A.B. asks: 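So that we are looking at the same thing, I have put the structure below in structure tokens.
All figures in this text were calculated on a predicted structure; none of them were measured in a lab. Letters go in sequence order (proteins before strands), and every chain restarts at 1.
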There are 2 protein chains.
Amino acid sequence: MGRITIRDVAQAAGVSLGSASRALNGGKHVSARIARDVAAAAKQLGYEPDFLARSLRTRSSGMIGCLVSDVANPLYAGTVQAAEARLRDAGYLLVIANTANEPARERAAAAEFRGRRLDGVLVAPGSDANNETWRGLVAGGSPVVILDRDAPDGDGDDSPWPAVLVDHRGGAQAATRYLIGLGHRRIALLTPGARMRPGRERIAGFQAAFTEAGLDPAGAIVSTQESSMDFAHGDALALLGGSNRPTALIALGTRILAGALRAARDLNLSLPNDLSVLSVGDTDLAAVHAPAITALRWSLEDVGRAAAELLLQRLRGDGAGAATRALLPVDLVLRESCAAPAKT
Amino acid sequence: MGRITIRDVAQAAGVSLGSASRALNGGKHVSARIARDVAAAAKQLGYEPDFLARSLRTRSSGMIGCLVSDVANPLYAGTVQAAEARLRDAGYLLVIANTANEPARERAAAAEFRGRRLDGVLVAPGSDANNETWRGLVAGGSPVVILDRDAPDGDGDDSPWPAVLVDHRGGAQAATRYLIGLGHRRIALLTPGARMRPGRERIAGFQAAFTEAGLDPAGAIVSTQESSMDFAHGDALALLGGSNRPTALIALGTRILAGALRAARDLNLSLPNDLSVLSVGDTDLAAVHAPAITALRWSLEDVGRAAAELLLQRLRGDGAGAATRALLPVDLVLRESCAAPAKT
DNA sequence: ATTGGGTAGGAAATCGTTTCCAAATGGGTC
DNA sequence: GACCCATTTGGAAACGATTTCCTACCCAAT
């Protein structure tokens, strides 16, 4: 005796298969008596519908895919968690595919998602959307929401693709403005690069702040390094050790911040007097360091929730007139790591 | 014209449905000619099998569930990532359900997993396995692997359930032994509690080290607090501010470590001379802090991989004689935050 | 009393696969 | 050339639901 099917329920309730289905799904054309009997029979037998069978028939799997480059990254993990919560409430299951930045994995995942008939996809690839991956995803016909990346067409802010973006440019600009306001004229931005939207936007905001203040753009030093503590450490050592060193430093991400802080310590630079440090991304490290590091912060929960909301909206079909993208704000959390540069 | 089905492929290749299926699945009983024709037709039409239909028929969804209390927690995120990688290589998709420590969500997720016919489940609930959740999971009949938690029966280390455990007891014992060796006699353990296996094991190891050294167990101060920076901060202030304060402190987890470090700073205790600090769990914070914090470390990747391996083994059916559990080691990473206590 | 609109509910089709069964084919041996 | 056994192969039956179609029926209105 295997699993209890709806057929068993129907039989127990003494009605036909179709009626049982209608009764269980609260459909129309069901008398009160049958509804009652079927419900009773289902409960008594412990009936549990088979999602697979249902999905096959309805052509909707009730699952959402999440294509992300690195789930272990706290930035993504927080987002995934928030999205999962919202989607689960709406009855969807979230399946994740970690791509580790490998295009081959991205393609494979896209194909798999299609084959499994996932109803929608949240995507945050490691590099800006690989066109092939992209095509693979949209080919499935189900809605795709982009997380903080540019659409593949490269068509900036007026792309038709639903996306949840974070205002990294505004954040970086505000942060830089703040440092300039304190009197800094030579500021270094340590970044893992412009390969992805967040990096590009931050660099743009950084430079925009210099331009807007009418300052020599040569003071805006952009230093690109791999995102690793050791690389950042070496990089920061070189930058800060040279003559005419920057008086302030903006670090993108925990690892780079860690490397930069170590370098400052190695060089005996005391914060914030000898060097102002500002972190992009608010982490334990920034909050607890002595002195506490001033940081740019945005809400991971909001990103996840907004993405889920956007996707659900498409799934419900009222995607026509609705907003196609969300731009979330970035806040500057003032702490103790920034001050006016020492007089020279 | 909708999706390309295997029926279309069969027709195009001029063979029967069954033959096409056999050919595509590389089964036996297929002539070379048909295999070639079918493959060609499939390729030419761009056929992609429908996993849902297949799953319905084969009663296996090709998906593994992951029931975890908090994916955003780096500890879990790393594990999930490693497990996902291994499972994906084996052709499985990972679906995650975040339970936020709510038993109701756990139950709901267990039921959903059953309904969707997931082939297996990795589970790391927020509290030690809730019996009801557990029953819900095993009722599905698919294998369940426990991540660093005790089985619900409470039957410690000889439980029949496959599990991947981390040797927190041994780690804590080694760490405590190390501190005792440096000369410490009053050591505080700041822990979020004994609700889950890791906490229990660590407390046990901590106390075992005192016993084994023949020391007064009153020197082993276990202070239980919620895992939040603020709580830990207050707690540490109270502990370190009092008379006869501990000379060393073991912090369980990033947040507690952060709170403890802040408290030490507030009280003007310099590390490691006035206070030795040891972190359970190696994080950015521990590595970068000045002085760098000595920490217990274990491999999240190994946990995830081992769990996946254990599960795959069951799925392949050779679960009979095979090992049912893995115990992973914990290493002590020596840094600069521990020293002999100051002479009084 | 007949007709018409509407609801209830049963039978059957469908979703796209895999797998079972029986028939057919092929080759080798006596 | 007949017989036998082992492969191939086509046809059809699952898998477990939803959904369409269609008939039977009830009640009210003409």
Side-chain angles (χ1 to χ4, degrees), chain A residues 1-39 41-42 45-63 91 112 114-119 140-141, chain B residues 1-39 41-42 45-63 91 112 114-119 140-141:
Chain A
M1 168 64 189
R3 184 191 185 83
I4 312 275
T5 77
I6 197 174
R7 184 165 246 116
D8 301 325
V9 174
Q11 196 160 19
V15 301
S16 81
L17 196 59
S19 300
S21 172
R22 278 185 291 260
L24 289 171
N25 293 312
K28 242 17 257 171
H29 307 305
V30 176
S31 71
R33 187 186 59 80
I34 289 197
R36 178 172 40 78
D37 289 357
V38 169
L45 292 173
Y47 168 69
E48 287 188 338
D50 184 315
F51 280 75
L52 288 178
R54 181 192 312 222
S55 300
L56 175 60
R57 177 63 228 233
T58 62
R59 329 186 58 87
S60 142
S61 63
M63 302 190 300
E112 180 126 8
R114 227 176 317 135
R116 293 194 188 254
R117 292 257 175 90
L118 298 202
D119 294 340
Chain B
M1 169 66 188
R3 185 191 186 83
I4 311 274
T5 77
I6 197 174
R7 185 165 246 115
D8 301 324
V9 174
Q11 197 161 18
V15 301
S16 79
L17 195 60
S19 300
S21 173
R22 277 185 294 258
L24 289 172
N25 294 314
K28 233 30 246 169
H29 308 303
V30 176
S31 72
R33 186 184 61 80
I34 288 197
R36 179 171 40 78
D37 289 357
V38 169
L45 291 173
Y47 168 69
E48 288 188 336
D50 184 316
F51 279 75
L52 286 179
R54 173 181 307 183
S55 299
L56 176 60
R57 178 64 228 232
T58 61
R59 327 186 58 88
S60 141
S61 62
M63 301 190 301
E112 180 126 8
R114 229 177 315 138
R116 296 196 186 252
R117 292 257 173 89
L118 297 203
D119 293 341

A.B. asks: Show the nearest heavy-atom pair for residues D8(A) and R3(A), with the distance to one decimal.
C.D. replies: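 The answer is OD2-O, 3.7 Å.
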A.B. asks: Calculate the interatomic distance between R33(B) atom CZ and dT8(D) atom P; express it in whole Å.
C.D. replies: 13 Å
A.B. asks: Taking any heavy-atom pair under 4.0 Å as a contact, classify R59(B): base, sugar-phosphate, or nothing.
C.D. replies: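 Sugar-phosphate only.
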A.B. asks: Send over the distance from F51(A) CZ to dT18(D) C1', rounded to a whole Å.
C.D. replies: 14 Å
A.B. asks: Side chain of R54(A) only, heavy atoms from C-beta on: which candidate in dT19(D), dA17(D), dG10(D) is closest?
C.D. replies: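 Nearest to the side chain of R54(A) among the choices is dA17(D).
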A.B. asks: Using a heavy-atom cut-off of 4.0 Å across all strands, would you classify L52(B) as base, sugar-phosphate, or nothing?
C.D. replies: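 Contact class for L52(B): none.
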A.B. asks: Does a nitrogen or oxygen in the side chain of Y47(A) sit under 4.0 Å from OP1 or OP2 of dA17(D)?
C.D. replies: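 Result: yes.
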A.B. asks: Where does the chain B footprint on DNA chain C start and end, counting 5' to 3' with a 4.0 Å heavy-atom cut-off?
C.D. replies: dG16(C) to dC20(C)
A.B. asks: Any salt bridge linking D50(B) with R54(B)? Criterion: basic side-chain nitrogen under 4.0 Å from a carboxylate oxygen.
C.D. replies: no
A.B. asks: Pick the nucleotide of DNA chain D nearest each of A32(B) and L17(A); which residue has the one closer to the 5' end?
C.D. replies: A32(B)
A.B. asks: So, OP1 or OP2 of dT8(D): does either fall under 4.0 Å of a side-chain N or O from S31(B)?
C.D. replies: no
A.B. asks: Closest to the S21(A) side chain: dG10(D), dT18(D), dG16(D)?
C.D. replies: dT18(D)
A.B. asks: Closest-nucleotide mapping onto DNA chain D: is E48(A) or G18(B) further toward the 5' terminus? I mean the 5' end.
C.D. replies: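 Upstream on the strand: G18(B).
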A.B. asks: Let me see the working for I6(B) and S21(B) under side-chain contact (heavy atoms from CB on, under 4.5 Å), right down to the final yes or no.
C.D. replies: CA-CA 7 Å; I6(B) 197 174; S21(B) 173; 3.8 Å; yes
